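Owing to the predicted nature of the structure, the values given are computational and were not obtained by experimental measurement. Worth knowing before you read on, the calculation uses all heavy atoms, side chains too, and leaves out hydrogens, waters and symmetry mates. Start at 1 and go down the list; that is how both ligands and their atoms are numbered.
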Amino acid sequence: MADTTPPLPDFSSGFSIRDLPDGGKVLGRVDQEEVLLVRTGDAVFAVGPHCTHYHGPLVDGLVVGDTIRCPWHHACFSLATGEAVRAPALDPIPCWRVERIGDLAYVRKRTAEAPGPARPSSSSVPTSIVIVGGGAAGLAAADVLRRERYDGPITMLTADDSPPVDRPNLSKDFLAGTAQEDWIPLRSPDFYSERRIELVLNARVTSLDANQESIHLENGQRHSFGALLIATGAEPIHLDIPGATSAQTCYLRTFSDSRAIVAKAISAKSVVVVGASFIGLEVAASLRARGIGIHVVAPESQPLERVMGPEVGEFIRRLHEEHGVVFHLGSTVRRVDGRVVTLTDGTTLDADFLVLGVGVRPAIDLAEQAGLEVDRGIAVNEYLETSASGVYAAGDVARWPDPHTGDRIRVEHWVVAERQGQTAARNMLGYRERFDAVPFFWSQHYDVTINYVGHAEQWDRIEIEGSLDARDCAVTYMRGERKLAAATMSRDLSSLRAEALMEGQINTAGR
Ligand SMILES: Cc1cc2nc3c(=O)[nH]c(=O)nc-3n(C[C@H](O)[C@H](O)[C@H](O)COP(=O)(O)OP(=O)(O)OC[C@H]3O[C@@H](n4cnc5c(N)ncnc54)[C@H](O)[C@@H]3O)c2cc1C
């Protein structure tokens, strides 16, 4: 069949900006390259049309001030320089020079990448930086330190046996068999060598002496630091199930964990997932994609109800049931005998193996041992500083004062971890930047993605706009007249707008 898509406008021959409203975007081309033309106020920018995180279409994103935000996972780029100003994107988008003649905007040559900020003055920067943790927060911090032209030594120590990986993918496409192994590392080996980031794998840090500015590793090595970032994340909670062998029970946090489940899944017919958490349910969806029979066992009456409320919980249960998942709610595993899994209600299930997704606990041992202030996580201030001078914490491990809720909160969201890593890194260089990002996470179940902005531990009502069944809705969690959080399906712009609105709430409150 002939392609009936109209050709993209050629921006090199001029585009009438009268056709472009404030905040409007239009996709076109220059030579053979696709270019996005964006208007904000009187200014017109030409940038690359794809997010550098997952290639999301920026034409469907939101323009906020002089930035554009990706509809998929809320990355944010400067329209003027292309810089990725907020994770999850770490790399810039290209920019083109725009010439205005009357009402016409002509897109000219691609501009060189912005040189980045000036190198911080030596009096305000630490002599060396050690990052404990090679996850979302740790990598984003190291990345920003070099982008900010920090010149001193950076050492990243990780207990993992692989370089930083796209952890969210481990329960999604990689586990389902639709993402290749080489997509999973966040950066190539060259990235670390070119940026002089000394990445040490299998390097578990066992003690910290904040006064002596040194840490010790399990293998006896010692490192001193000028500033330290603790980004140790969280660890899966282990369950002691009578009769179950360690070979039968899988947890999912690391690349190795995901590979181990994939290896077992190749010959498996039936798997029991213990816990109806986000990770448990994503594992269920991914293993269903491999044709494996899945039983989910969990004590609650609806999956995800505590975080998302009963309506979304019921929708998620039905969605998984439509894909063949069998739920055993209000129940837990009593014991395992070979392949037979017995539940507390007496039901017996046949299983090749079990995946346990019953939550995580923040990895605070190091902080506790060092006498840092802890409060169900490492307590940090708005600059992500711990109670010890020169020691910062970011990511799943950190509990911070959230200006949006007024509470001290700790979350387990990829984007929050990366953004905290970025803020902590800048603060090590003397920026004194408050961490005030609105929390955001996403979760994927089959072809349904849920985006969630804000933070609602308790609400007094839930408002649903649109239809859960049609998978097209915005679910708002309210306390009084205050919008605490919003979960959306197929409404990416609404999610971006909710985020921008929540950011505005704190700006107008005159922090
Ligand atoms: C399978 C899976 C899927 C997920 N999916 C999503 C999703 O879809 N959306 C979302 O928003 N979030 C998701 N998350 C959550 C997200 O991945 C986390 O919030 C994020 O990884 C937290 O980043 P972090 O840097 O704090 O910790 P991590 O990424 O866990 O990194 C912690 C690092 O610290 C290291 N470490 C720990 N202790 C020590 C020590 N003593 N010495 C040295 N190193 C140490 C670890 O080895 C690791 O390298 C998912 C998580 C998992 C496990």
Side-chain angles (χ1 to χ4, degrees), residues 53-54 72-74 87-88 130-142 155-175 184 186 199-208 215-219 221 223 228-236 250-259 261 277-283 285-286 307 355 357 359-370 377-378 384 393-399 410-422 424 439-445 449-453:
H53 172 231
Y54 262 40
W72 288 359
H73 306 110
H74 294 206
V130 170
I131 298 170
V132 185
L139 178 70
T155 307
M156 194 192 295
L157 305 163
T158 169
D160 286 356
D161 59 5
S162 62
V165 294
D166 184 354
R167 212 175 288 290
N169 208 315
L170 300 180
S171 52
K172 303 179 182 67
D173 296 342
F174 181 70
L175 195 58
I184 303 304
L186 289 170
L199 172 65
V200 191
L201 307 182
N202 300 307
R204 182 168 289 278
V205 178
T206 48
S207 69
L208 155 67
I215 48 152
H216 282 90
L217 272 68
E218 202 171 39
N219 65 10
Q221 279 181 2
H223 286 262
L228 179 77
L229 175 64
I230 305 178
T232 45
E235 294 154 352
C250 302
Y251 293 89
L252 178 52
R253 185 78 192 178
T254 65
F255 198 8
S256 302
D257 294 338
S258 191
R259 281 190 184 122
I261 298 175
S277 59
F278 284 106
I279 290 182
L281 293 175
E282 288 189 349
V283 167
S286 296
V307 185
V355 180
V360 295
R361 67 167 63 92
I364 55 172
D365 301 7
L366 199 56
E368 281 183 325
Q369 165 279 323
I378 302 178
L384 306 180
D396 285 6
V397 78
R399 182 173 293 275
R410 189 187 70 76
V411 300
E412 290 143 16
H413 305 350
W414 180 257
V415 168
V416 172
E418 287 191 320
R419 291 178 181 176
Q420 288 192 343
Q422 294 176 322
F440 164 78
F441 75 85
W442 78 97
S443 184
Q444 192 186 314
H445 307 255
T449 300
I450 302 173
N451 280 357
Y452 181 102
V453 289

Residues Asp160 and Arg167 bridged, charged N to O under 4.0 Å: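 Salt bridge: yes.
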Are Asp365 and Arg204 within salt-bridge range, i.e. N to O under 4.0 Å? no
Test of understanding: with side chain to side chain contact (heavy atoms under 4.5 Å, CB included), list the residues that count as partners of Thr155, not counting sequence neighbours. Val130, Leu157, Glu198, Val200, His223
Residues in side chain to side chain contact (heavy atoms under 4.5 Å, CB included) with Asn202, at least two apart?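 So Asn202 forms a side chain to side chain contact (heavy atoms under 4.5 Å, CB included) with Asp161.
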State the atoms of ligand 1, each with its element, that fall below the 4.0 Å cut-off from a heavy-atom position in Ile279.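 Those qualifying, in numeric order: 2 (C), 51 (C), 52 (C), 53 (C).
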Please could you name the atoms of ligand 1 that Lys172 approaches to less than 4.0 Å, counting only its heavy atoms?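 The atoms of ligand 1 under 4.0 Å from a heavy atom of Lys172 are 5 (N), 6 (C), 7 (C), 8 (O).
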How does Ala137 reach ligand 1, if at all, at less than 4.0 Å between non-hydrogen atoms: by side chain, backbone, both, or neither?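 Ala137 to ligand 1: contacts from backbone and side chain alike.
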Between Ala203 and ligand 1, find which residue part has any heavy-atom pair under 4.0 Å and reply side chain, backbone, both or neither. backbone
For ligand 1, which is the ligand I care about here, please tell me if [X] has any N or O atom under 3.5 Å from one of the ligand's N or O atoms.
{"X": "Val205", "value": "yes"}
{"X": "Glu235", "value": "no"}
{"X": "Ala136", "value": "yes"}
{"X": "Ala159", "value": "yes"}

Supply the atom-to-atom distance Ile364 CD1 to Arg399 CZ, rounded to the nearest 0.5 angstrom.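 It is 10.0 Å, given to the nearest 0.5 Å.
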Measure the spacing between NE2 of His74 and CZ of Arg419 and express it to the nearest 0.5 Å.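 Here the interatomic distance stands at 8.5 Å.
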Going through the distances and angles, do Ser258 and Leu252 end up as a side chain to side chain contact (heavy atoms under 4.5 Å, CB included)? CA-CA 6 Å; Ser258 191; Leu252 178 52; 3.7 Å; yes
Name the option, out of [options], that contains the heavy atom nearest to [atom].
{"atom": "atom 32 (C) of ligand 1", "options": "Gly133, Ala231, Gly138", "result": "Ala231"}
{"atom": "atom 9 (N) of ligand 1", "options": "Trp442, Phe441, Trp414", "result": "Trp442"}
{"atom": "atom 4 (C) of ligand 1", "options": "Pro168, Gly421, Ser286", "result": "Pro168"}

Note, Arg253 side chain near Val360 side chain (heavy atom, < 4.5 Å): yes
Protein heavy-atom partner closest to atom 37 (C) of ligand 1 - residue, atom, separation in Å: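 I find the closest protein heavy atom is Thr232 O, 3.2 Å.
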